[in-house]
There are 2 protein chains.
Amino acid sequence: MNNNSVFIEKLRFVGLRPTKQRIRICEELFNRKETFHFTINELKELLLKKKNQKISQATVYNTVKAFKKKGYLKEISINSEKNYFDTNTSNHHHFFNESTNELIDLDDKNIDKIKIKKTLPGKKIKSIEVLIKIANNN
Amino acid sequence: MNNNSVFIEKLRFVGLRPTKQRIRICEELFNRKETFHFTINELKELLLKKKNQKISQATVYNTVKAFKKKGYLKEISINSEKNYFDTNTSNHHHFFNESTNELIDLDDKNIDKIKIKKTLPGKKIKSIEVLIKIANNN
DNA sequence: TCAATATATTAGAATGATTCTAATATACTC
DNA sequence: GAGTATATTAGAATCATTCTAATATATTGA
C-alpha cells in the first residue's frame, strides 16, 4: 500500500495522528476515482465488510468530523432522515434522486452564476448551494 | 376566535379531525402575518408558554408531520443539528445566518431562473432549492 | 531502541430527537 | 345521547450521535 504515505500526510496535515484505524478510514474515503457520498452508517458497514476489522463507531465519528472541520469532507443535508458526507469539497451542487436515495454531483459550471437580488446589510455570504430533487419517470 | 372555523376547515381538508390540541397548533402556526420558521422543540415550547396548556409531543409530531405530508408545511434541512419547518410553502429559497441560526426567506423572484446544463435522462425534477449560508460581518 | 507520556481507541453508557404503544379520552355518526 | 372510531397521552422504545474512562498505541527524547 504505497498510498498510505499520502494518507499519513493528509492526517498529519489536519492534525490527526496516523493510526491504523484512521488510515483504514482514509483508504475507504479517498482511495477512489469517483466522488464518494456516504452516511456514517454506510461508512461503518463498508469498513467492517471489506476487511472484517472492526473500528469503533466513536473513531468513525471522530475522524469524519475532524475531516469535515478541516475541509476534507463536506456535509450535505437533504432531509431529516439521512445525513450525508461528500468527498468532493469543491464548490458544487447536488441532485438527489428521491426514488433511489442517490446523490449526484453537479458541477458549479453546470449552473449559471446565481445572482441574488436581495441585499442583507452587515452580512457576508459564506456559501451558495443548490439542491435539485429528482425522481424516476414511470 | 373566529379564525377557528378556518383552522377547522384546514384540518378537515387534510383529513385531520379538529380537536382542540390541533386547533391550538394551527393558531400557533398559521395565525401570523409573517412566515414562521420553527423546530419541533421551539413549537412545543411556544405552545406551552403561551397558554400554559400542555400538548403531548406525540401530538405535536403527528400534527406537524401530517401538515407536511399534505403540503401545508415545508421541511428545510440545513445541517444535522436542527430540522426546521416553514409555513411558507410556496417556491422559494433561504438564507441561513450561521451567526444567529436564523432562517430568512428569499422569494423565487429574487433569484434568476436556474438553468441546469446537465441532463438526466429518465428523471424528472421535483424541486430546485437554493440555500445561501451567511454570517454577520465583524 | 526503550521508557515515559501524550493521545487514540474502545465498549458501553448517556443524551436527544423521533417514533411507538396501549390505556384513556374525545369526536363523530346515527 | 349511545356506540364506535379516532385522537391524545405518558412513558417506553429506538436510533443517531456524543461522552466516558479504562486500555492500547504513537511519539518523543534519552
Side-chain angles (χ1 to χ4, degrees), chain A residues 4-5 7-29 37-48 51-70 73 75-85 101, chain B residues 4-5 7-29 37-48 51-70 73 75-85 101:
Chain A
N4 278 9
S5 58
F7 299 147
I8 289 171
E9 263 182 68
K10 200 162 199 161
L11 286 164
R12 283 252 158 70
F13 188 75
V14 305
L16 293 176
R17 282 190 178 174
T19 63
K20 68 174 184 301
Q21 290 87 343
R22 286 174 177 165
I23 290 168
R24 192 61 248 297
I25 292 171
C26 283
E27 282 174 16
E28 205 55 55
L29 294 180
H37 297 117
F38 63 95
T39 64
I40 297 275
N41 243 327
E42 287 162 8
L43 178 57
K44 276 195 295 180
E45 274 162 25
L46 272 178
L47 289 165
L48 180 61
K51 292 236 175 125
N52 215 44
Q53 174 213 3
K54 188 161 47 174
I55 299 182
S56 86
Q57 61 173 4
T59 299
V60 179
Y61 271 98
N62 294 342
T63 307
V64 166
K65 287 190 70 175
F67 278 134
K68 181 199 154 188
K69 192 170 171 187
K70 298 292 186 176
L73 289 173
E75 197 174 10
I76 300 159
S77 288
I78 285 158
N79 58 44
S80 53
E81 270 126 53
K82 284 192 171 184
N83 193 31
Y84 290 87
F85 292 88
N101 270 19
Chain B
N4 278 10
S5 58
F7 299 147
I8 290 170
E9 263 181 69
K10 202 164 198 160
L11 285 164
R12 284 252 159 72
F13 188 73
V14 305
L16 293 176
R17 280 190 180 175
T19 63
K20 67 174 183 306
Q21 291 87 343
R22 286 175 178 165
I23 290 167
R24 194 61 249 296
I25 291 171
C26 283
E27 282 174 16
E28 205 56 54
L29 295 180
H37 297 118
F38 64 95
T39 65
I40 296 274
N41 244 327
E42 287 162 8
L43 178 58
K44 275 196 295 179
E45 272 161 27
L46 272 177
L47 288 165
L48 180 61
K51 293 236 175 126
N52 215 44
Q53 174 214 2
K54 187 161 46 171
I55 300 182
S56 84
Q57 62 171 3
T59 299
V60 179
Y61 271 97
N62 293 341
T63 308
V64 166
K65 287 190 69 176
F67 277 135
K68 182 199 153 189
K69 191 170 171 188
K70 299 290 188 177
L73 289 173
E75 196 173 12
I76 300 160
S77 287
I78 284 156
N79 57 43
S80 52
E81 270 124 54
K82 285 191 170 184
N83 192 30
Y84 290 88
F85 291 88
N101 270 17

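Chain identifiers are assigned alphabetically (A, B, ...) following the order of the sequence lines, protein sequences preceding nucleic acid strands; residue numbering begins at 1 within each chain. Because the structure is a prediction, the values reported are computed rather than measured.
Along DNA chain C, the nucleotide closest to B:T19 and the one closest to A:G15 are compared, and the more 5′ of them pairs with A:G15. Each of B:R17 and B:Q57 was assigned the nucleotide of DNA chain C with the nearest heavy atom; the assignment lying further toward the 5' end belongs to B:Q57.
Distances shown here put every side-chain N or O of B:K65 at or beyond 4.0 Å from the OP1 or OP2 atom of C:dT18. For the OP1/OP2 pair of C:dT18 and a distance below 4.0 Å, the side-chain nitrogens and oxygens of B:Y61 include at least one atom meeting the criterion. For the OP1/OP2 pair of D:dA7 and a distance below 4.0 Å, the side-chain nitrogens and oxygens of B:R24 include no atom meeting the criterion. Regarding contacts with the backbone of C:dA17, every side-chain N or O of B:N83 stays at 4.0 angstrom or more from both OP1 and OP2. Residue A:N41 has a polar side-chain atom (N or O) positioned under 4.0 Å from OP1 or OP2 of D:dA16. The shortest distance between the side-chain N/O atoms of A:T59 and the OP1/OP2 oxygens of C:dT10 is below 4.0 Å.
In terms of heavy-atom proximity, B:Q21 sits nearest to B:I55 at O-CD1, 3.7 Å. For the pair B:Q57 and B:K44, the tightest heavy-atom approach, listed with the atom from each and the gap, is OE1-NZ, 2.9 Å.
The side chain of A:R22 sits closest to C:dA8 out of C:dT18, C:dA8, D:dT9.
At least one side-chain heavy atom of A:F67 sits less than 4.5 Å from a side-chain heavy atom of A:L29.
Taking atom CD1 on A:I55 and atom C1' on D:dT25, their separation rounds to 15 Å, with Å as the unit. Rounded to whole Å, the distance from CG on A:N62 to P on D:dA16 is 17 Å. The distance between atom CG of A:L11 and atom P of C:dT7, rounded to the nearest whole Å, is 16 Å. Rounded to a whole Å, the CZ atom of B:F38 is 15 Å from the C1' atom of C:dA17. Atom-to-atom, CG of B:N79 to C1' of C:dA17 comes out at 14 Å; the value is rounded to the nearest Å. Note: NZ (B:K54) to P (D:dA10) measures 5 Å, nearest angstrom. Between the CD1 atom of B:I25 and the P atom of D:dA7 there is a distance of 13 Å, given to the nearest Å. The OH-P distance, from A:Y84 to D:dT17, rounds to 12 Å in whole Å.
The backbone N or O of A:P18 lies less than 3.5 Å from no partner atom in the side chain of A:R12, so there is not a single donor-acceptor pair.
Atom OG of B:S77 and atom NZ of A:K82 lie 13.5 Å apart (nearest 0.5 Å).
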